[in-house]
Number of protein chains: 2
Amino acid sequence: MPEDAEQLLRQHGITVTAQRLAVLRAVTEKPHRTADDLAEAVRSMIGAISRQTVYSALQELAERGLIRRIQPANSPARYEDRIGDNHHHLICRNCGAVVDVDCPVGAAPCLKPCDDAGYAIDEAEVIYWGRCPACISDAGATAQRNSDPTNHS
Amino acid sequence: MPEDAEQLLRQHGITVTAQRLAVLRAVTEKPHRTADDLAEAVRSMIGAISRQTVYSALQELAERGLIRRIQPANSPARYEDRIGDNHHHLICRNCGAVVDVDCPVGAAPCLKPCDDAGYAIDEAEVIYWGRCPACISDAGATAQRNSDPTNHS
DNA sequence: ACCAAAAACTAGACATTGTCCAATACTGGA
DNA sequence: TCCAGTATTGGACAATGTCTAGTTTTTGGT
Ligand SMILES: [Mn+2]
Ligand SMILES: [Mn+2]
Ligand SMILES: [Zn+2]
Ligand SMILES: [Zn+2]
């Protein structure tokens with residue numbers, strides 16, 4: 001059915017397989033998921049996939065520019081299909097929830113350091129760290145009761 | 001000899017041990033080193049230290065605000081004693097070399113997203129990605145000969 | 001439709017970085 | 001000096017990702 005997805009892969013020089021189509025669809029369905037979450041999603045689509053294939057597909061899709069990988073501290077890598085707009089991310093220190101933040105500039109690198117130390121800079125990665133609304137109200141309600149990160153994603 | 005380091009620890013409520021003094025000194029000696037590198041450095045100072053103790057000391061020092069931990073993608077965590085100025089980093093995609101970049105604002109969070117999605121933001125982490133001078137000239141000189149990251153740190 | 005070559009998939013071992021835990025050793029105050 | 005509280009240690013364990021050899025699938029040409 002997703003005839004266009006097949007063509008999308010081919011246009012980018014990627015050979016079409018059921019696994020890659022499913023991985024791409026999984027990334028598209030919900031942004032910022034981890035490889036493990038994506039593997040789960042793919043299994044519910046096509047029955048089975050090996051861990052290695054998920055990693056390979058994600059790498060291939062990322063290298064060819066169909067998806068983007070983000071690697072926040074204290075989290076496994078996450079993937080999204082919103083690309084080309086150089087947007088940034090807002091991440092909850094407590095539960096790890098990730099939300100998109102538009103970049104006012106758009107093109108990368110959107111910021112320039114005063115002194116680039118001779119480096120050829122191609123990207124300014126910005127991550128805003130804080131607490132999400134759910135974690136804020138959790139803290140207010142139950143105080144220090146449970147200090148373990150809850151899942152608000 | 002480093003009488004002041006002992007007092008520094010005590011002032012921050014940290015009990016003084018040879019291991020912690022050495023770890024702190026190692027971090028101070030050279031910024032942006034990994035836990036493993038720091039363990040090596042400490043061993044050359046005091047003979048031996050366990051891996052776990054290095055991690056514990058680094059965490060303790062970081063929690064008490066004596067040092068800072070940075071966790072760039074595709075790299076183990078790195079540590080530095082330059083704190084309180086909210087400075088940023090410039091990292092080589094090829095060899096991983098890290099250099100400091102002053103933050104023009106200073107106070108965190110130095111940037112504000114247009115839409116904070118209800119998050120309470122406490123830090124804007126900025127990482128500039130690119131290629132260091134050494135890797136640039138390596139590429140020019142030896143072309144694609146060796147595509148493996150060289151150590152320019 | 002069929003075949004061979006090229007590419008992708010799989011399972012399992014392995015690597016890296018970090019954490020948990022129980023036993024032992026040290027530190028700081030009485 | 002002695003004791004209670006901390007810190008250190010080694011070893012097991014956890015999480016995430018990579019490598020590899022063998023098998024299966026895809027692709028392009030007949
Ligand atoms: Mn995003
Ligand atoms: Mn720094
Ligand atoms: Zn949260
Ligand atoms: Zn470099």
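Keep in mind that the numbers below use all heavy atoms, side chains included, and drop hydrogens, waters and symmetry copies. Letters A, B, ... are given to chains in the order of the sequence lines, protein chains preceding strands, and every chain is numbered from 1.
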Inset, instruction - For DNA chain D, find the residues of residues 65-77 of chain A with a heavy-atom distance under 4.0 Å and give them by number; none if there aren't any. - result: A/Pro76, A/Ala77
Legend entry - Minimum heavy-atom distance B/Ala26-B/Arg33, with the two atoms named: O-NH2, 2.9 Å
Legend entry - B/Asp102/B/Arg82 ion pair, N-O < 4.0 Å: yes
Inset, instruction - Measure the distance from CG on A/Leu38 to P on D/dT16 and round it to the nearest whole Å. - result: 13 Å
Inset, instruction - Over all heavy atoms of both residues, which pair between B/Arg131 and B/Cys92 is shortest? Give the atoms and the distance, please. - result: CA-SG, 3.8 Å
Legend entry - Short side-chain donor-acceptor distance under 3.5 Å, B/Ser56 and B/Arg20: no
Legend entry - Phosphate OP1/OP2 of D/dT26: any A/Thr15 side-chain N/O under 4.0 Å: no
Legend entry - Separation of atom CD in B/Gln19 from atom P in D/dT6, rounded to whole Å: 17 Å
Inset, instruction - Specify the separation, in whole Å, of atom CD1 of A/Ile14 and atom C1' of C/dA6. - result: 17 Å
Legend entry - Residues clustering with A/Ile136 (ILVMFWY side chains joined when closer than 4.5 Å, directly or via others): none
Inset, instruction - Write down the distance between CD (A/Glu63) and P (C/dA8), rounded to a whole number of angstrom. - result: 11 Å
Inset, instruction - Mind calculating the distance between CG (B/Asp37) and C1' (C/dG18) to the nearest angstrom? - result: 15 Å
Inset, instruction - Quantify the bending of the helix from C/dA1-D/dT30 to C/dA30-D/dT1 as the angle between its end axes, each fitted on five pairs, to 10°. - result: 30°
Inset, instruction - I would like to know whether B/Arg93 and A/Glu123 meet side-chain contact (heavy atoms from CB on, under 4.5 Å); could you show each step before the answer? - result: CA-CA 10 Å; B/Arg93 287 211 133 97; A/Glu123 181 190 355; 2.9 Å; yes
N/O donor to acceptor pairs below 3.5 angstrom from side-chain atoms of residues 60-67 of chain B, sequence neighbours left out:
| unit_1 | atom_1 | unit_2 | atom_2 | d |
| --- | --- | --- | --- | --- |
| B/Glu60 | OE2 | B/Arg64 | NE | 3.1 |
| B/Glu60 | OE2 | B/Arg64 | NH2 | 3.2 |
| B/Glu63 | OE2 | B/Gln59 | NE2 | 3.2 |
| B/Arg64 | NH1 | B/His12 | O | 3.1 |

Legend entry - Rounded distance (Å) that lies between atom P of C/dA7 and atom CZ of A/Arg64: 11 Å
Inset, instruction - Could you list by number each residue of residues 47-56 of chain A showing a heavy-atom separation from DNA chain C of less than 4.0 Å, or answer none if no residue does? - result: A/Ile49, A/Ser50, A/Arg51, A/Gln52, A/Thr53
Inset, instruction - Hydrophobic side-chain clustering at under 4.5 Å (ILVMFWY, transitive links): who's grouped with A/Val101? Put none if nobody. - result: A/Leu90, A/Val99, A/Leu111, A/Tyr119, A/Ile121, A/Val126, A/Tyr128, B/Leu90, B/Val99, B/Val101, B/Leu111, B/Tyr119, B/Ile121, B/Val126, B/Tyr128
Inset, instruction - For D/dT26, take OP1 and OP2 only and decide whether either is under 4.0 Å from a side-chain N or O of A/Arg20. - result: no
Legend entry - Euclidean distance, atom CZ of residue B/Arg43 to atom C1' of D/dG10 [Å, nearest integer]: 12 Å
